[in-house]
Amino acid sequence: MKRIDIEILSATDVGLVREQNEDNCGTAETPNGMVCVVCDGMGGHTGGQEASRIAVDCIIQHLSGEKYADICQAIRDAMEFANMQILGTATEHPELQGMGTTACVLLIQDEQVWIAHVGDSRIYLYVAKEKRLHRLTKDHSFVQGLVDQEIIYPEEADNHPDRNRLIKALGIKEEPNPEIPENPILPAKGDIFLICSDGLSGMVSDSQIEVILADSKTDMQQKEAVLMSAAKSAGGTDNITFQLIRIIHSPHRKSVFVSKSQPTAAKTDTHKQQWLKLAILAAIITASILAGILIGRNIFQHPDNSGIPKPDTIPDQQDSTNN
């Protein structure tokens, strides 16, 4: 049977500002495959910590049960089970009302990798042959919507005042609607998956992460240490949690995946310039129509088109001056 061999490292830290760590992560070998989970809680110190813990435990617990024929359905059921447990706990404990959590799930089954997510925690893939980092998820956030509509640049998203405003999370609604791609990822040897909370991705840019993972002089433990150090050096304002999954062996010679990396500012400029041209053209057309209407009215009022008042319309004040 074809299969993927992997190396997994997990790291979590409270950061430099927060008093408690509201992030949680976990890994487990299950009948459905090797599962890796990263969750970033919200709703206060106690609530966020509890929500992320419940999510990690419940997702692993559910996937550790029966083996599914449909792996996407297995992940969906696991995340919905976690969502139900968070909602139930909040109902039983009023002090936890409003708690919720993001969730990223990566599941390796034989030679295939399946992912799912809800919220703004991310899953990346560093492709060794290309030496490039790709996003495999797109944030479920208000700011991401602004980027998609080309209202702001991707580079502006991390510093936007509403960057923490989520539109999806576990524990918020009865239907969490996690995003689960229908097709698996086929990684090649040397590729590295990175699952992280925004304590890392919000502090360290994609380009910086790419440089760290591309460094051939460092092993996985060193990459882990450098990533953590980079997040803290940038301020460490949030809890920092991530997992690195390196592909030691794979039957795939080429990495097969769907990249959701954001366009560069230059590419975004091209789109904005096109919209600007359309807006200018619309303004010119509107101005031309208005000008035509005004000219038409002027012609109707002055049939002789001279635009010069007739003698009998000259003000009396001019007559008295000439006298």
Side-chain angles (χ1 to χ4, degrees), residues 6 8-12 21-28 30 32-42 48-49 51-63 71-72 74-83 86 100-109 112-126 133-141 144 164 166-172 176-181 184-185 187 191-204 206 209 213 224 227 231 238-246 257-261:
I6 60 172
I8 302 176
L9 282 84
S10 299
T12 186
N21 193 345
E22 297 175 43
D23 291 355
N24 268 285
C25 64
T27 62
T30 76
N32 291 287
M34 173 61 75
V35 61
C36 302
V37 187
V38 168
C39 294
D40 180 356
M42 56 190 186
Q49 191 175 57
S52 64
R53 182 195 64 78
I54 292 172
V56 171
D57 291 348
C58 287
I59 289 170
I60 290 176
Q61 176 188 339
H62 191 85
L63 292 171
I71 196 64
C72 289
I75 298 172
R76 187 179 305 278
D77 288 352
M79 296 182 81
E80 290 180 351
F81 173 62
N83 184 68
I86 295 171
T101 182
T102 69
C104 280
V105 179
L106 183 146
L107 193 148
I108 303 169
Q109 187 182 73
Q112 299 177 334
V113 177
W114 303 84
I115 63 171
H117 84 292
V118 59
D120 62 355
S121 294
R122 295 177 182 173
I123 303 177
Y124 292 89
L125 176 63
Y126 171 74
L133 184 74
H134 296 269
R135 287 190 200 178
L136 301 181
T137 58
K138 182 181 284 190
D139 297 349
H140 297 140
S141 66
Q144 182 60 53
N164 294 322
L166 302 182
I167 59 174
K168 282 187 181 183
L170 297 183
I172 305 303
N177 295 317
E179 187 171 343
I180 307 175
I185 299 159
D191 290 354
I192 301 173
F193 288 95
L194 168 64
I195 315 172
C196 66
S197 66
D198 64 349
L200 177 65
S201 59
M203 295 283 101
V204 187
D206 288 9
I209 293 173
L213 296 182
E224 174 191 333
L227 284 170
D238 202 350
N239 307 142
I240 308 159
T241 301
F242 60 90
Q243 294 179 330
L244 292 171
I245 302 99
R246 184 171 72 94
F257 61 97
V258 175
S259 178
K260 294 190 177 180
S261 294

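- Contact check for E179 versus T137: no side-chain heavy atoms found under the 4.5 Å cut-off.
- Separation of atoms CD1 (I167) and CG (D120) is listed at 10.5 Å; rounding is to 0.5 Å.
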Test log, rule side chain to side chain contact (heavy atoms under 4.5 Å, CB included), inputs D238 and S197:
CA-CA 9 Å; D238 202 350; S197 66; over 6 Å; no
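- Within the 4.5 Å cutoff, the side chain of L227 has heavy atoms near those of the L244 side chain.
- Between T101 and N24, every side-chain heavy-atom pair lies at or beyond the 4.5 Å cut-off.
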Between Q243 and F193, is a side chain to side chain contact (heavy atoms under 4.5 Å, CB included) present by the stated rule, with each step listed?
CA-CA 8 Å; Q243 294 179 330; F193 288 95; over 6 Å; no
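- Judged by distance alone, the side chains of T12 and N21 do bring a donor and an acceptor atom under 3.5 Å apart.
- When atom types are taken as modelled, the side chain of Q109 and the backbone of N32 share a donor-acceptor pair closer than 3.5 angstrom.
- Inter-residue side-chain proximity for P176 and K168 is flagged as unmet; no heavy-atom pair is nearer than 4.5 Å.
- The CG atom of D191 lies 11.0 Å from the CG atom of L213; values are rounded to the nearest 0.5 Å.
- The aromatic rings of H140 and H117 lie parallel to each other, their planes meeting at an angle below 30°, with 60° marking the opposite boundary.
- Counting heavy atoms from C-beta outward, I6 and M34 have side chains that approach closer than 4.5 Å.
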Intermediate values then yes/no, side chain to side chain contact (heavy atoms under 4.5 Å, CB included), I209 and Y126
CA-CA 9 Å; I209 293 173; Y126 171 74; over 6 Å; no
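- Between V113 and L106 there is a side-chain heavy-atom pair separated by less than 4.5 Å.
- Side-chain contact between I245 and C36: present, with at least one pair of heavy atoms (C-beta onward) separated by less than 4.5 Å.
- When all heavy atoms of S10 and C25 are compared, the pair lying nearest together is CB-SG, 4.2 Å.
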Using the side chain to side chain contact (heavy atoms under 4.5 Å, CB included) rule, take M79 and V105 through it: C-alpha gap first, then chi angles, then the decisive distance, then the call.
CA-CA 9 Å; M79 296 182 81; V105 179; 4.2 Å; yes
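- The closest side-chain donor-acceptor pair between T241 and D23 falls under 3.5 angstrom.
- Side-chain contact between I75 and I115 is absent, with no heavy atoms from C-beta onward closer than 4.5 Å.
- Taking SG of C72 as the reference point, atom CD1 of I180 lies at 6.0 Å (rounded to 0.5 Å).
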